[in-house]
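Reading through the structure tokens given below for one structure.
The first residue of the sequence shown is numbered 1, and numbering continues consecutively from there.
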Amino acid sequence: MSKNKNVILYGVLVLIVGAIYFIPIFLNDPFEKIKTEILQTNKTLPKMVDEETRLELVQFVDKKIETYYTLVKITKEEVDVEKMIPGVKESLKNNICGKQNFLDNLSKGIDYSFTYKDKNSELISTIIITKSDCK
């Protein structure tokens, strides 16, 4: 009996030591760096990025980096979404697909979302860039 108790105690001890060592590895958030960068960015917002565009907020939700902009000089009615959005999406694709840090995030399954609102906070459009856009 004594030998069996020692084996059981040894097994329990191995499980406890293993749990102490491995649980933090499994709990480590692989997106912590991104979340930290977004938190730092948000401390500087809102911020004008050009004469007509204000960056309002950046979020990381469900493996998506969401960026929110306000077009401060126009209303939704003044925008021809059919003409504007394809050009904006192409510009965003060229920017994202041309930079390694963005490509690294895309390869991890992270998408990029860009939401544009008018000066009255009316939604104009949301553009999403995924890994498949960079082929």
Side-chain angles (χ1 to χ4, degrees):
M1 275 298 210
S2 171
K3 187 174 181 180
N4 285 344
K5 283 184 179 179
N6 286 341
V7 169
I8 291 171
L9 286 174
Y10 181 76
V12 169
L13 181 62
V14 168
L15 286 174
I16 291 171
V17 170
I20 291 170
Y21 179 77
F22 287 107
I23 285 177
I25 292 171
F26 292 119
L27 295 178
N28 189 14
D29 185 351
F31 304 114
E32 190 63 36
K33 182 179 178 195
I34 292 169
K35 291 176 182 178
T36 300
E37 289 173 3
I38 288 171
L39 183 64
Q40 293 303 315
T41 298
N42 281 329
K43 289 179 181 180
T44 68
L45 302 180
K47 175 172 70 175
M48 295 299 292
V49 294
D50 61 33
E51 278 185 19
E52 300 176 356
T53 313
R54 183 174 59 229
L55 176 57
E56 303 288 352
L57 175 69
V58 182
Q59 298 184 129
F60 185 72
V61 179
D62 297 328
K63 291 182 79 175
K64 187 185 304 172
I65 297 173
E66 299 176 344
T67 309
Y68 296 87
Y69 294 96
T70 298
L71 303 177
V72 298
K73 293 186 177 181
I74 61 171
T75 63
K76 183 177 182 177
E77 291 76 27
E78 298 171 307
V79 177
D80 185 345
V81 175
E82 302 276 328
K83 289 183 180 177
M84 182 186 108
I85 296 307
V88 172
K89 183 168 184 171
E90 192 62 30
S91 177
L92 289 168
K93 280 174 39 177
N94 290 339
N95 191 17
I96 289 172
C97 299
K99 294 189 178 155
Q100 192 59 49
N101 59 326
F102 291 119
L103 291 171
D104 291 344
N105 287 338
L106 289 168
S107 72
K108 294 175 188 170
I110 297 171
D111 295 332
Y112 288 88
S113 171
F114 301 88
T115 297
Y116 296 90
K117 293 185 176 184
D118 73 1
K119 67 181 182 180
N120 299 319
S121 297
E122 298 257 347
L123 178 65
I124 295 172
S125 184
T126 297
I127 299 170
I128 298 174
I129 307 295
T130 67
K131 183 179 179 179
S132 65
D133 289 310
C134 293
K135 292 185 176 179

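When each of K63, E66, K131, K64 is paired with D111, the side chain to side chain contact (heavy atoms under 4.5 Å, CB included) condition holds for K64 and for no other. Considering E56, K117, K119 in turn, E56 is the only one that fulfils the side-chain hydrogen bond (donor to acceptor under 3.5 Å, both in side chains) rule with T70. The only member of D118, T115, T75 that meets side chain to side chain contact (heavy atoms under 4.5 Å, CB included) when paired with I124 is D118.
Residues L39 and I65 do not share a hydrophobic cluster, clusters being chains of Ile/Leu/Val/Met/Phe/Trp/Tyr side chains in contact below 4.5 Å. Note: the hydrophobic cluster containing I110 also contains I96 (ILVMFWY, side chain heavy atoms under 4.5 Å, direct or indirect links). Under a hydrophobic clustering in which Ile, Leu, Val, Met, Phe, Trp and Tyr are joined whenever their side-chain heavy atoms come within less than 4.5 Å, directly or via other members, I127 and V49 fall into the same cluster. When the side chains of ILVMFWY residues are joined at heavy-atom separations under 4.5 Å, either directly or via intervening members, I85 and I74 end up in a single hydrophobic cluster.
What you find for E52 and D50 is that their closest heavy atoms are N-OD1, 2.8 Å.
Rounding to the nearest 0.5 Å gives a distance of 12.0 Å between NZ of K99 and SG of C134. Taken to the nearest 0.5 Å, the CD atom of E90 stands 12.0 Å off from the CG atom of N95. Rounded to the nearest 0.5 angstrom, N120 CG and L71 CG are separated by 11.5 Å. In this structure, L106 CG and K135 NZ are separated by 11.0 Å, a value rounded to the nearest 0.5 Å. A distance of 11.0 Å separates CD1 in I38 from CZ in F31, rounded to the nearest 0.5 Å. In this structure, CD on E37 lies 7.0 Å from OG1 on T41, to the nearest 0.5 angstrom.
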Problem set entry | salt bridge (charged side-chain N to carboxylate O under 4.0 Å, His left out) evaluation trace for E78 with K73 | CA-CA 10 Å; E78 298 171 307; K73 293 186 177 181; over 6 Å; no
For this session: Given side-chain contact (heavy atoms from CB on, under 4.5 Å), test Y116 with V79 step by step and report yes or no.
Result: CA-CA 11 Å; Y116 296 90; V79 177; over 6 Å; no
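The shortest side-chain heavy-atom distance between N105 and N101 does not fall under the 4.5 Å cut-off. Using a 4.5 Å cut-off on side-chain heavy atoms (C-beta onward), F114 and V88 make no contact. Contact of the I128 side chain with the K89 side chain is not registered, since no non-hydrogen atoms from C-beta on lie closer than 4.5 Å.
Applying the 6.0 Å contact sphere to CD of E51 captures no more than 12 heavy atoms from other residues, nucleotides or ligands. The number of heavy-atom neighbours closer than 6.0 Å to CD of E82, taken from other residues, nucleotides and ligands shown, is 12 or below.
The aromatic rings of Y112 and F102 stand perpendicular to each other, their planes meeting at an angle above 60°, with 30° marking the opposite boundary.
Under a 4.0 Å N-O distance rule, the pair E32/K35 does not qualify as a salt bridge.
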